[in-house]
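If you read the sequence from its start, that first residue is 1, and numbering goes on from there.
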Amino acid sequence: SRGAVPVLPRVATAPARMQAIDVNKLPVIPVRVGEFENFTRVTFDWPRAVRYTTRAGQGRISIRFETAVRLDFSMLESRPAAWVKSATSRLDGEATVVDIETDAESGFQDRKDGFKVEIDVLAPQSDAAAVALQTEKDRAAQAAPSTTQKDRPLRGSVASAPPASP
């Protein structure tokens, strides 16, 4: 019958796409980690352009790369990074899915730099405020104190009481 002819090519091509992937034959993509004042950057060093999508969850970032690879997380495993608790990957058909476990309050930003894909795991608001406060405190110690600075010490700093009024 006429209706059976179009079904045969689809059935014939489906098994070719469903073949098991030999993980040991997949290219290895290095993953680097860098720590900055308000974020930790996880960099995937792709040798070519790769499409990807990201999805955030509570304490988790999922990145789906539209190609099957093995990711080398050895740098992250040997040197734990702030706000990144762990990173794992798994194959999903012909895609690679990465799950990065983060601090529950951390957000993230993603971007491409050439072929590289960078995921910036942001410091939680409470940590970012502490870093900003320390930075402000350090700057204040280096600069001449302003009127407001000497009258009102930074939170957590030790300061003498303002001079008493006559």
Side-chain angles (χ1 to χ4, degrees), residues 21 23-160 162:
I21 295 173
V23 176
N24 294 321
K25 292 183 180 177
L26 293 175
V28 176
I29 303 300
V31 179
R32 293 183 292 118
V33 179
E35 293 182 88
F36 298 86
E37 190 171 285
N38 291 324
F39 64 94
T40 295
R41 176 168 290 157
V42 180
T43 302
F44 299 86
D45 282 322
W46 293 96
R48 59 183 171 76
V50 174
R51 286 186 320 139
Y52 74 96
T53 54
T54 59
R55 194 179 74 226
Q58 184 71 19
R60 183 172 305 279
I61 304 164
S62 288
I63 307 118
R64 181 184 175 90
F65 295 105
E66 296 302 325
T67 188
V69 295
R70 282 187 299 155
L71 295 168
D72 178 3
F73 290 114
S74 60
M75 183 176 186
L76 184 60
E77 291 165 357
S78 66
R79 193 184 86 201
W83 311 302
V84 174
K85 295 180 180 178
S86 68
T88 58
S89 66
R90 67 184 187 284
L91 294 178
D92 182 14
E94 295 182 8
T96 303
V97 178
V98 178
D99 289 312
I100 300 174
E101 188 181 349
T102 66
D103 186 289
E105 297 176 19
S106 289
F108 79 97
Q109 296 174 344
D110 65 288
R111 68 184 195 144
K112 281 187 154 188
D113 180 8
F115 295 149
K116 294 183 289 192
V117 173
E118 298 175 339
I119 306 295
D120 292 345
V121 180
L122 308 176
Q125 291 299 333
S126 55
D127 288 1
V131 168
L133 179 65
Q134 184 61 45
T135 302
E136 188 178 334
K137 210 161 107 176
D138 293 347
R139 284 189 191 134
Q142 294 170 356
S146 67
T147 308
T148 56
Q149 194 66 38
K150 76 176 176 191
D151 290 345
R152 212 174 36 154
L154 291 172
R155 181 171 42 124
S157 66
V158 179
S160 57

What pair of heavy atoms forms the shortest contact from [X] to [Y], and how long is it?
X	Y	value
Ala87	Phe73	CB-CE2, 3.6 Å
Ala123	Ser106	C-OG, 4.4 Å
Pro124	Glu105	CB-CB, 3.6 Å

[atom1]/[X] to [atom2]/[Y] distance, rounded to the nearest 0.5 angstrom?
X	Y	atom1	atom2	value
Ile63	Ser89	CD1	OG	10.5 Å
Thr53	Glu66	OG1	CD	6.0 Å
Thr40	Glu35	OG1	CD	4.5 Å
Trp83	Asn38	CH2	CG	6.5 Å
Thr96	Leu91	OG1	CG	5.0 Å

Kindly confirm or rule out a cation-pi arrangement of Arg41 over Phe36, judged by NZ or CZ under 6.0 Å from the six-membered ring centre and within 45° of its axis?
yes

In terms of relative ring orientation, are Tyr52 and Phe65 parallel, tilted or perpendicular, with 30° and 60° separating the classes?
tilted

With a 4.5 Å limit on heavy-atom distance, are the side chains of [X] and [Y] in contact?
X	Y	value
Trp46	Val117	yes
Phe108	Thr102	no
Thr43	Val33	no
Glu118	Val42	no
Thr67	Glu94	no
Thr88	Val98	no
Ile21	Leu26	yes
Thr54	Ile119	yes

Would you check if the side chain of Asp120 reaches a backbone N or O of Leu122 as a donor-acceptor pair within less than 3.5 Å?
no

Go through Leu71 and Phe44 one step at a time and tell me if the side-chain contact (heavy atoms from CB on, under 4.5 Å) criterion holds.
CA-CA 8 Å; Leu71 295 168; Phe44 299 86; 4.1 Å; yes

Would the number of heavy atoms belonging to other residues, nucleotides or ligands and lying under 6.0 Å from CZ of Arg111 be above 12?
yes

Summary of salt bridge (charged side-chain N to carboxylate O under 4.0 Å, His left out) pairs that have at least one residue in residues 76-88, sequence neighbours excluded
none

Apply the side-chain hydrogen bond (donor to acceptor under 3.5 Å, both in side chains) test between Asp99 and each candidate in Arg60, Arg90, Arg55; give the one that qualifies.
Arg90

